[in-house]
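Written below as structure tokens is the structure these notes are about.
Chain identifiers are assigned alphabetically (A, B, ...) following the order of the sequence lines, protein sequences preceding nucleic acid strands; residue numbering begins at 1 within each chain. Excluded from the calculations below are hydrogen atoms, water molecules and symmetry mates; all remaining heavy atoms, backbone and side chain alike, are included. Since the model is a prediction, treat every value here as computed from it, not as a measurement.
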Amino acid sequence: MAGPCGNGTEEFAEDMADPFELDGFDSLSSAEAGAETARNAAEGGEAPLSSRLFGKAEAHGAPSAAASDGPAAAATRAAYLEGLNPQQREAVLTTEGPVLVLAGAGTGKTRVLTTRLAHILATQKAWPGQILAVTFTNKAAREMKARIRALIGDIVEGMAWLGTFHSIGVRFLQRHAELAGLRSGFSILDTDDQVRLLKQVLAAENIDEKRFPARQIAALIDAWKNRGLTPDTVPAGEAAAFANGRGARVYAAYQARLRALNAVDFGDLLLLPVAMLKATPDLLAEYRRRFRYILVDEYQDTNTAQYLLLRLLAGENGNICCVGDDDQSIYGWRGAVVENILRFPKDFPQAKVIRLELNYRSTGHILAAANGLIAHNRGRLGKTLHSVAGMGEKVWLRGHTDDEAEARAIADDIEALLRAGHSPREIAILVRASFQMRRFEERFVEIGLPYHVVGGPRFYERQEVRDALAYLKVIHTPDHDLAFERIINVPRRGIGAASVKKMHALARLRGLSLYRAAALMMDSDELPARTRRPLKDLMTAFARWRAQAAELPPAALAEVVLEESGYVDMWKAEKTPQAEGRLENLKELVRSMEAFDTLSGFLEHVALVMDADQAAAGEKVVLMTMHAAKGLEFDTVFLPGWEEGLFPHQRALDEAGEAGLEEERRLAYVALTRARRRAIISCVQMRRVHTMWQPAQPSRFIDELPAAHVAILDDALPLAPVTEPEVADTSVDNASAGAGQRTGRRTAADPVSGRTARAPFRQMERRHDHGLCEGQRVFHQKFGYGTIAEVDGEKLTIDFEKAGRKRIMAAFVEAV
DNA sequence: GATCCATTTGTTTTT
DNA sequence: CAAATGGATC
């Protein structure tokens with residue numbers, strides 16, 4: 001049977017009971033689970049999905065059509081397929097077998113992904129619970145869910161296996177904790193806990209933490225885990241790099257400590273499921289059967305552990321569809337392996353490769369410039385991106401004396417754009433490194449320009465938030481030693497390092513958790529009375545809070561705890577200017593908890609979702625790193641700081657050489673292709689680093705931009721577009737941008753001194769010619785897209801797609 | 001055990 | 001240059 005297709009309603013109801021969702025599965029061996037499955041199915045089981053599936057699906061038409069005409073007939077005329085180009089359609093409809101979708105920037109990747117999922121569900125090739133759909137960020141997962149819901153309704157709620165790699169890893173571990181050496185209710189350590197734990201391990205191993213910092217070994221272990229390496233499979237040569245060859249030993253000791261604490265770190269969320277599936281063939285078989293369709297977003301960013309997991313689950317001929325763009329692989333430093341996507345056709349010899357090459361986002365010059373730049377990379381799968389829009393503006397290039405001048409000029413441009421009616425949220429500044437943001441923030445504050453920083457210091461990583469979370473973790477899981485240790489003397493209550501050390505000793509001796517050791521010691525004479533009293537108070541408080549946790553919603557509990565522990569008072573008493581902000585953050589934390597019914601639900605959310613939901617962006621200019629901008633798009637994009645050493649970043653070159661350079665170049669490609677209509681690259685001659693001024697040279701990437709698509713700017717950004725005769729073929733392919741077309745130093749280098757006569761701004765002002773003609777497609781800030789019906793000098797009559805016919809001055813529209 | 005001062009370190013990007 | 005860590009001193 002190709003899919004769970006039945007004809008009668010009753011049969012559906014039975015089939016749809018998802019056997020894996022039944023309670024009690026965790027406690028069964030996989031063989032027993034199989035038997036259980038059959039029993040439940042025969043009895044009808046719980047069918048929470050079926051009602052949802054039918055309720056909404058019928059309303060949307062697809063499955064009812066399937067019932068009468070069969071899924072295939074429904075598929076070809078489904079509303080969701082409309083408006084897809086042939087390649088996109090193919091990517092949606094090729095559901096069987098391995099498929100690699102190479103989706104260049106702006107080619108409608110997300111749309112294809114969501115439509116594909118919707119299609120599989122609507123044609124009933126699989127139930128929601130039989131699809132594994134992985135994304136990299138929670139934001140992407142949320143967005144995907146929302147978009148599928150928009151297409152086919154609430155069926156999507158049954159997609160239990162839609163999420164980030166890490167959240168799916170947690171799911172595996174929760175179901176089969178015992179196979180991974182864990183007990184249920186294990187905790188997930190954050191990076192901070194990880195480092196503190198490693199410090200303890202290093203101390204126990206008698207390794208000098210000054211010579212071999214815990215952070216360093218933490219990074220090493222993380223990298224090993226990303227590569228799917230366990231302590232006994234770490235290559236000897238690499239283990240030697242740390243603490244005179246004791247790296248693997250420390251790794252093993254660390255893992256042992258983790259297990260003793262019933263805890264996992266982030267890397268384990270991938271590594272343990274892989275190990276588990278490898279070691280338990282029955283389990284693997286179960287899951288292979290279960291996941292009829294596997295879908296992976298951003299495949300170019302998978303690391304080896306993720307790759308192994310996918311290959312295990314997909315098997316030889318699985319229906320696995322990976323979507324990605326090798327040119328947008330920018331997370332190599334985090335363990336991502338571009339080769340994963342490059343070798344997909346070798347991994348799956350019968351794989352179908354589909355290229356999405358029609359770019360709907362950027363205008364021609366921007367796309368051509370980006371294509372020319374990325375053509376300098378080797379080892380690409382190669383794509384030919386075509387623009388569907390007109391050529392638009394060339395990519396602007398501007399030089400400044402120093403970073404302050406750069407910030408000032410960009411701020412001026414933005415003000416002008418806003419005056420001209422551009423929406424601030426359509427303007428972004430993308431920087432290589434976050435420290436660059438500072439200049440812009442200073443300037444924006446000075447002139448009162450509303451801006452919004454995306455990324456910034458992560459909410460859940462702030463000290464006060466982590467302290468508060470530690471209290472909650474101890475209430476939820478008293479044996480969470482690291483959390484307990486974190487707050488045992490915060491706020492100061494007179495339980496110092498010496499006392500904690502004694503507790504540790506007792507805990508180790510008796511094989512207890514720190515919390516239990518503390519509970520014993522508060523009634524013994526080990527500790528001086530002046531320590532015993534506060535400890536007893538704390539323990540009593542925890543007992544009380546835990547009792548309250550059963551009754552109060554998490555948010556209310558948090559409020560009580562923060563108040564009664566004296567934690568809020570601690571910050572109130574502090575007179576530093578930051579204290580107020582910390583109190584604000586605590587309030588924000590409590591507010592964010594209101595969405596959760598249970599403490600454990602909230603804690604799991606926090607462990608996996610490092611990004612607190614960003615405050616609504618609103619009408620603000622966006623300031624962020626290039627990495628954070630991936631997947632986003634803006635009308636106007638400013639790209640400051642294109643200087644050697646900063647971009648490409650020196651460290652990337654030092655650490656990864658040629659590969660590092662190529663990744664930086666891909667980052668440049670990602671940054672440039674965020675722009676829909678306008679991109680302004682800039683560099684400076686002098687940049688202030690710390691306190692010293694450092695001379696800077698324009699980035700090599702500037703010289704790699706094809707000259708034909710770049711224009712030098714020695715003044716403010718022109719507001720009206722520089723129009724050019726439309727070129728029939730607006731595509732630029734990789735080959736032509738390579739050798740001959742490169743920008744020479746003459747045009748691009750040192751734009752500061754190279755102020756040329758060909759200042760496009762002036763030229764444009766002189767000629768009054770707006771270059772617009774009848775039949776041309778244009779864009780207006782308020783009315784959107786339209787076609788020119790009539791030209792009368794400066795006055796145009798335009799038929800807008802949405803707003804209808806309007807008379808508009810030429811200066812207010814832009815050719816597309 | 002707490003507070004203050006000095007030194008260091010980081011500023012690439014994040015699940 | 002700022003924050004964070006760590007050591008020394010009270």
Side-chain angles (χ1 to χ4, degrees), chain A residues 134-141 163-170 188-192 194-196 199 209-210 213-216 219 222 225-226 264-271 297-298 301-303 305-306 329-336 403 430-439 442 454-458 460-463 489-501 528 530-531 534 576 578 605-611 624-630 641 645-656 660 663-664 666-668 670-671 687-692 694:
Chain A
V134 224
T135 62
F136 269 82
T137 63
N138 296 286
K139 202 171 118 200
T164 62
F165 270 104
H166 292 86
S167 67
I168 279 160
V170 171
I188 302 167
L189 303 190
D190 55 35
T191 26
D192 202 58
Q194 233 178 97
V195 171
R196 285 188 300 140
K199 277 185 182 168
E209 217 250 300
K210 270 175 239 137
R215 286 194 178 281
Q216 193 184 324
D222 214 47
K225 287 185 172 178
N226 282 157
V264 295
D265 66 11
F266 251 70
D268 284 341
L269 295 181
L270 303 171
L271 190 66
D297 190 15
E298 307 277 15
D301 286 330
T302 48
N303 63 36
Q306 290 160 342
S329 167
I330 54 175
Y331 286 110
W333 52 274
R334 203 174 75 185
D403 44 353
L430 308 183
V431 297
R432 177 63 184 84
S434 40
F435 77 87
Q436 289 173 265
M437 292 184 186
R438 208 167 144 160
R439 291 278 164 283
E442 284 168 359
V454 176
R458 259 148 284 294
Y460 290 122
E461 283 177 20
R462 292 164 199 263
Q463 183 191 337
N489 200 29
V490 178
R492 301 249 141 87
R493 44 175 74 90
I495 308 171
S499 306
V500 173
K501 207 171 170 183
R530 65 165 202 272
T531 306
T576 59
Q578 300 127 330
H605 166 83
V606 171
L608 293 175
V609 181
M610 294 307 275
D611 56 331
M624 64 180 138
T625 64
M626 293 174 176
H627 282 85
K630 191 161 141 196
L646 179 58
F647 191 43
H649 199 280
Q650 191 57 48
R651 215 159 133 182
L653 302 182
D654 292 346
E655 283 171 11
E663 180 155 313
E664 295 284 292
R666 289 192 293 267
L667 186 55
V670 168
R687 185 168 289 277
R688 210 167 58 196
V689 181
H690 298 328
T691 176
M692 286 172 306
Q694 291 214 330

CD (A:Gln306) and CG (A:Leu269) are apart, to the nearest 0.5 Å, by 11.0 Å
What nucleic acid atoms does A:Tyr331 come within less than 4.0 Å of, heavy atoms only: base, sugar-phosphate, or nothing? sugar-phosphate
Note to self: Less than 4.0 angstrom between a side-chain N/O of A:Ser434 and OP1 or OP2 of B:dT13, yes or no?
What the structure shows: yes
From NZ of A:Lys225 across to P of B:dT15 the rounded distance in Å is 18 Å
Rounded to whole Å, CG of A:Leu646 lies from C1' of B:dT11 at a distance of 10 Å
Whichever of A:Ala433 and A:Thr164 has the more 5' nearest nucleotide on DNA chain B, that residue is A:Ala433
In whole angstroms, the gap separating C1' of B:dT11 from CE of A:Met437 amounts to 11 Å
Show each protein N/O and nucleotides 2-8 of chain C N/O combination with a separation under 3.5 Å, one pair to a line.
none

Notebook entry, point to check: Are the side chain of A:Gln194 and the backbone of A:Asp265 linked by a donor-acceptor contact shorter than 3.5 Å?
Noted result: no
Nearest heavy-atom contact between A:Phe647 and A:Gly641 is CB-O, 3.8 Å
Of all heavy-atom pairs linking A:Thr137 and A:Thr135, the shortest is O-OG1, 3.1 Å
Separation of B:dT15 atom C1' from A:Ile188 atom CD1, nearest Å, is 11 Å
query: Parallel, tilted or perpendicular for A:Phe266 and A:His166, by the 30°/60° rule?
result: tilted
*For B:dT11 and C:dG6, measure between their C1' atoms and round to the nearest Å.*
22 Å
Whole-Å distance, A:His627 NE2 to B:dT11 C1', equals 14 Å
For A:Ala629 and A:Leu430 the tightest heavy-atom approach is CB-CD2, 3.7 Å
Of A:His649 and A:Phe165, the one whose closest nucleotide on DNA chain B sits nearer the 5' end is A:His649
Here the pair of heavy atoms bringing A:Phe136 nearest to A:Glu298 is CE1-O, 3.3 Å
Looking only at heavy atoms, the pair that brings A:Ser499 and A:Thr531 closest together is OG-CG2, 3.4 Å
Base, sugar-phosphate, or nothing for A:Glu655, non-hydrogen atoms under 4.0 angstrom?
base
List every contact pair, protein side and nucleotides 1-9 of chain B side both N or O, where the distance is under 3.5 Å.
| from | atom 1 | to | atom 2 | distance (Å) |
| --- | --- | --- | --- | --- |
| B:dG1 | OP1 | A:Gly496 | N | 3.3 |
| B:dT3 | OP2 | A:Arg492 | NH1 | 3.4 |

Ring-on-base stacking B:dT13 with A:Trp333 (under 5.5 Å, under 30°): yes
In short, A:Ile330 meets A:Val670 closest at the heavy-atom pair CG2-CG2, 4.1 Å
